[in-house]
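Working notes for the structure below.
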Amino acid sequence: QVQLVESGGGLVQAGGSLRLSCAASGRTFSSYAMAWFRQAPGKERAFVARISASGGSTSYADSVKGRVTISRDNAKNTVYLKMNSLKPEDTAVYYCAAARSRYIVVSEVQYDYWGQGTQVTVSS
């Protein structure tokens, strides 16, 4: 079992930055691929960024590419999402997720564990 707890969300003005954190329980964090998703009001959950178990591979949604960086610290059992140049359309609840794979996992249904989410609100 892996438990995920997100933090770092909040209210920020457009153009600002935030760094989200996702702390994972368990001793096998370094064996899990991780990802961030988000769900805006009235919309379906959407992929934001993903990272392999080692951190050596990453990929991003087109909507955030160039503004967002996913990273992980396996010694701290934590994955991060650094977001810059935030826009009002980035407003959403952000979730981290874990998949039992050393490689990047593309399919959302393969993510086995999910956090409770952290709210990000970007004001214009």
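- The closest donor-acceptor contact from the side chain of Tyr60 to the backbone of Ile70 lies under 3.5 Å.
- In this structure a side-chain-to-backbone donor-acceptor pair under 3.5 Å is present from Thr78 to Lys76.
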Check against side chain to side chain contact (heavy atoms under 4.5 Å, CB included), Tyr32 and Arg100: CA-CA 5 Å; Tyr32 285 80; Arg100 293 190 203 92; 3.4 Å; yes
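- Between Arg72 atom CZ and Met34 atom CE the span is 6.0 Å, to the nearest 0.5 Å.
- The main-chain N or O of Ile104 is never found under 3.5 Å from a side-chain atom of Arg50 such that the two would form a donor-acceptor pair.
- Judged purely by atom type and a 3.5 angstrom limit, Gln13 has no side-chain atom pairing as donor or acceptor with the backbone of Ser123.
- The distance from atom OH of Tyr94 to atom OG of Ser7, rounded to the nearest 0.5 Å, is 15.0 Å.
- Nearest heavy atom pair, residue Ala33 against residue Val105, reads CB-CG2, 4.0 Å.
- None of Cys22, Ser71, Cys96 except one satisfies the side-chain contact (heavy atoms from CB on, under 4.5 Å) rule with Tyr80; the exception is Ser71.
- Not a single donor-acceptor pair under 3.5 Å links the side chain of Ser30 to the backbone N or O of Asn74.
- The structure places CD of Gln1 at 9.5 Å from CG of Asp112, a figure rounded to the nearest 0.5 Å.
- No donor-acceptor pair closer than 3.5 Å links the side chain of Thr121 to the backbone N or O of Thr91.
- Formation of a donor-acceptor pair under 3.5 Å by the Ser57 side chain with backbone atoms of Ser52 is not found in this model.
- Looking at Lys65 and Asp62, a side-chain N of the basic residue comes within less than 4.0 Å of a carboxylate O on the acidic one, giving a salt bridge.
- In this structure, the separation between NZ on Lys82 and OG on Ser21 is 11.5 Å, given to the nearest 0.5 Å.
- With hydrogens and angles disregarded, no donor-acceptor distance shorter than 3.5 Å links the side chain of Gln116 to the backbone of Val5.
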Trp36/Met83 under side chain to side chain contact (heavy atoms under 4.5 Å, CB included): CA gap, chis, key distance, verdict: CA-CA 12 Å; Trp36 287 93; Met83 302 187 291; over 6 Å; no
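- Heavy atoms from other residues, nucleotides or ligands lying under 6.0 Å from CD of Glu89 number more than 12.
- In this pair, Phe37 and Tyr111 present their aromatic rings perpendicular. The plane angle is above 60°, beyond the 30 to 60° band.
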